[in-house]
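Only a predicted model underlies this, so the values are computations on that prediction, with no experimental measurement involved.
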Amino acid sequence: DGCGHTVLGPESGTLASINYPQTSPNSTVCEWEIRVKPGQRIQLKFGDFDIDDSDSCHSSYLRVHNGIGPTRTEIGKYCGFGFQMDGFITSKSNEVTVQFMSGTHTSGRGFLAAYSTTDKSDLITCLDNASHFSEPEFNKYCPAGCVIPFADISGTIPHGYRDSSSLCMAGIHAGVVSNTLGGQINVVISKGIPYYQGSLANNVTSKVGPLSTSLFTFKTSGCYGTLGMESGVIPDSHITASSVLEWSNQTGQVNIWKPENARLKRVGPPWAAFISDERQWLQIDLNKEKRITGIITTGSTLAEYYYYVSAYRILYSDDAQKWTVYREPGMDKDKIFQGNTELYHEVRNNFIPPIIARFFRINPLKWHQKIAMKVELLGCQFSIGRAPKITMPPPPPQNKNDDKNDDFIHSVKTSLQTDKTTFTPEIKNTTVTPSVTKDVALAAVLVPVLVMVFTTLILILVCAWHWRNRKKKNEGTYDLPYWDRAGWWKGMKQFFPTKSAEHEETPVRYSSSEISHLRPREVPTMLQTESAEYAQPLVGGIVGTLHQRSTFKPEEGKEASYADLDPYNSPIQEVYHAYAEPLPITGPEYATPIIMDMSSHPSTTPLGIPSISTFKAAGNQAPPLVGTYNKLLSRTDSTSSAQALYDTPKGQLGPGATDELVYQVPQSVAQSTGSKEE
């Protein structure tokens with residue numbers, strides 16, 4: 001009579017002394033015999049231990065044995081207030097006996113312990129919560145039997161659970177692990193929130209909770225989506241029922257609560273059965289096999305009709321002919337699901353493991369006033385593998401023997417255990433059991449395919465970009481040349497067309513002061529030099545090139561005589577103009593003048609000479625030396641300023657042009673073919 005909360009699963013379980021966590025009664029005893037599969041061993045972990053040791057473990061103690069029966073051997077005997085036991089008590093075989101003895105005492109809560117096979121090295125107990133662990137993410141193994149009345153949880157999914165909540169109990173509420181089987185949980189810690197909602201799910205009531213510094217959620221890889229009741233993906237013709245409630249109100253209007261009304265969150269009346277008995281059902285055809293991981297139900301949702309289903313069982317089929325009743329693995333009884341406790345709030349139940357079926361049937365077993373409900377199914381598409389099915393006999397047929405029928409109803413009701421709830425707020429979302437093994441093969445195929453597709457797209461984009469750049473280059477696009485003193489001029493030369501030597505006109509403008517310093521014999525000397533190999537001028541960006549002659553004023557120097565026929569012997573100072581490009585070593589020192597506009601300078605020439613002077617030579621031949629001139633024409637204006645204008649583009653300055661000094665910009669130092677006389 002000393003046994004408290006006990007769930008002994010095939011691989012794990014939970015056991016506690018009577019009346020835990022209150023003081024256990026005097027003179028009580030309990031003995032648990034635990035067995036796992038042959039070849040495995042058992043490990044025992046205490047979540048709480050508080051046994052009176054006033055008589056040195058003589059009358060009150062906990063004793064653990066290897067084996068079961070007369071041949072068992074003692075592993076240890078334990079007692080003490082607040083006894084802390086680190087690590088596990090491990091058996092030598094697949095069988096263990098745990099014996100609790102409570103003698104005469106005045107205090108002591110007793111104990112709570114969990115067990116599992118030794119391969120679950122991360123076993124925790126039902127009392128462990130998130131605040132016991134410092135890692136931001138961790139994996140733990142929850143034993144079976146963690147739906148305990150003395151543990152609390154606050155919160156729900158997807159918002160998370162308060163850090164003071166029991167990890168394993170919250171895992172059951174979230175649908176990550178089963179209370180009957182236990183299982184692995186993957187916990188993620190994050191910052192807390194000001195308010196935690198409460199809800200009823202999987203026979204666990206989550207309470208409203210206040211602000212906390214942290215919260216935890218569960219990482220899963222299961223399927224979470226709804227399967228089409230609320231959204232209308234499942235058509236009305238695929239929702240059928242055993243019977244339909246029809247009735248007329250006071251005004252004579254006929255009300256029909258049809259099966260298609262059983263859509264969750266749908267405004268209006270629900271589906272209701274015409275007869276309220278255990279043989280009524282609501283059936284949903286999913287059109288093809290799906291992985292069904294959970295169900296959400298409500299009552300009528302109409303305040304004037306306080307109808308709801310408080311307990312039901314689930315059947316499923318592939319052909320709607322042979323039906324299988326849902327049972328948890330290792331259990332020989334049908335699974336009875338806790339339904340609603342009132343007409344409005346949603347209640348969720350998860351299937352661990354999931355159901356694989358096309359046809360899904362709900363069989364109400366307990367209800368309030370009338371059978372009425374709205375439903376949504378949770379799950380995802382089914383692609384790989386099948387869950388094992390256990391063929392069970394259908395519900396007992398209705399007959400005239402009321403005593404037998406009453407016995408069946410009584411047996412169902414006595415096997416049903418539902419916890420009373422004081423608050424069942426709305427459920428916002430669900431978490432279901434992951435199905436990792438079935439998704440691995442699909443992921444192994446999809447991931448490489450997606451990688452190949454994205455890689456191909458990237459290569460196509462890169463090739464298109466290179467092709468586009470090459471096409472632009474072929475159409476005449478260019479890159480800016482290097483910005484150096486010589487290379488820049490070379491790069492600019494390619495943008496302008498060249499003129500032939502025969503049609504080349506090389507105007508130049510001198511100031512009146514320069515003309516006054518020239519003697520008649522200096523003119524042919526200047527003109528007979530070879531074509532200068534200077535960069536081509538750039539005039540306003542549109543003027544054609546002037547072959548390779550310079551646009552710059554020659555440097556001032558010593559006057560040349562008629563004997564100084566060689567321009568290289570002229571004693572001049574080597575001063576380069578600030579804007580000119582240096583001449584090559586083998587080229588002439590002076591640039592060839594192009595035009596001189598004397599319109600804005602005082603007149604220094606005899607009257608009667610034309611106002612514009614032009615020098616012109618055919619080809620690359622230099623002008624004759626002595627006595628052979630091209631016509632030198634000058635233009636004077638006595639009212640103009642005496643300021644000199646150099647290298648002014650032809651055709652830009654008129655009679656009224658400003659006297660501001662303007663230079664041309666040289667273009668390139670590249671030599672044109674045939675421009676230099678050999």
Side-chain angles (χ1 to χ4, degrees), residues 5 14 16 20-22 47-48 109 112 114 124-140 142-179 182-220 224 294 296-298 338-342 344-350 352 378 418-433:
H5 174 76
T14 301
Y20 179 87
Q22 306 300 322
D48 189 19
R109 296 183 301 274
L112 181 138
I124 59 176
T125 70
C126 303
L127 300 179
D128 286 313
N129 56 48
S131 60
H132 294 168
F133 306 95
S134 58
E135 300 92 340
E137 182 175 344
F138 53 88
N139 292 311
K140 297 296 176 183
C142 289
C146 280
V147 177
I148 48 181
F150 43 82
D152 293 330
I153 65 169
S154 296
T156 186
I157 49 174
H159 305 294
Y161 297 89
R162 200 172 189 272
D163 55 3
S164 60
S165 303
S166 165
L167 287 170
C168 295
M169 195 169 177
I172 296 170
H173 181 272
V176 176
V177 294
S178 166
N179 182 58
Q184 200 79 26
I185 58 173
N186 189 341
V187 182
V188 179
I189 307 295
S190 57
K191 186 178 179 180
I193 56 177
Y195 175 79
Y196 294 89
Q197 295 180 345
S199 63
L200 175 60
N202 298 308
N203 206 21
V204 177
T205 301
S206 172
K207 300 179 180 179
V208 173
L211 172 70
S212 67
T213 56
S214 64
L215 60 81
F216 64 90
T217 55
F218 300 97
K219 182 186 292 186
T220 68
Y224 301 83
I296 302 175
T297 61
T298 65
Q338 178 179 352
N340 297 86
T341 58
E342 43 80 46
Y344 182 75
H345 288 116
E346 298 175 1
V347 174
R348 171 174 46 84
N349 283 286
N350 293 101
I352 304 174
L378 306 175
T418 57
D419 293 343
K420 295 182 178 180
T421 58
T422 56
F423 185 78
T424 55
E426 182 180 0
I427 299 172
K428 298 296 182 182
N429 203 347
T430 61
T431 302
V432 294
T433 305

Close side-chain approach of [X] and [Y], heavy atoms under 4.5 Å:
X    : Y    : answer
T297 : N340 : yes
Q338 : L200 : yes
I157 : T217 : no

**Message:** Looking at every heavy atom in both F150 and P21, which two are closest together, and how far apart are they?
**Reply:** CB-CD, 3.6 Å

**Item:** Taking every non-hydrogen atom, the tightest pair across Y161 and G155
**Value:** CE2-O, 3.4 Å

**Prompt:** Mind checking what makes ring-ring contact (aromatic ring centres under 6.0 Å, His included) contact with Y196, not counting sequence neighbours?
**Reply:** none

Got a donor-acceptor contact below 3.5 angstrom from the [X] side chain to the [Y] backbone?
X    : Y    : answer
H5   : L112 : no
S166 : C126 : yes
S131 : S164 : no
T14  : C146 : no

Rounded to the nearest 0.5 Å, what separates atom [atom1] in [X] from atom [atom2] in [Y]?
X    : Y    : atom1 : atom2 : result
N349 : N203 : CG    : CG    : 8.0 Å
F138 : L167 : CZ    : CG    : 5.0 Å
T125 : K140 : OG1   : NZ    : 11.5 Å
N179 : I352 : CG    : CD1   : 10.0 Å

**Fill in**
side-chain hydrogen bond (donor to acceptor under 3.5 Å, both in side chains) with H173: of S206, S199, S165, only one passes, and it is S199

**Prompt:** Restricting to pairs with a member in residues 153-168, which pass salt bridge (charged side-chain N to carboxylate O under 4.0 Å, His left out), not counting sequence neighbours?
**Reply:** none

**Fill in**
So salt bridge (charged side-chain N to carboxylate O under 4.0 Å, His left out) across residues 170-179, not counting sequence neighbours, yields none

**Message:** Apply side chain to side chain contact (heavy atoms under 4.5 Å, CB included) to residues N202 and R348 and explain how you reach the verdict.
**Reply:** CA-CA 6 Å; N202 298 308; R348 171 174 46 84; 3.5 Å; yes

**Item:** Check against side chain to side chain contact (heavy atoms under 4.5 Å, CB included), V347 and T341
**Value:** CA-CA 9 Å; V347 174; T341 58; 5.7 Å; no

**Partner set under salt bridge (charged side-chain N to carboxylate O under 4.0 Å, His left out) for D128, not counting sequence neighbours** = none

Show me the side-chain donor-acceptor pairs of residues 186-193 shorter than 3.5 Å, one per line, residues at least two apart or across chains.
from, atom 1, to, atom 2, distance (Å)
N186, ND2, N139, OD1, 3.4

**Complete:** By side-chain contact (heavy atoms from CB on, under 4.5 Å), C142 pairs with (sequence neighbours left out) I124, C168, I185

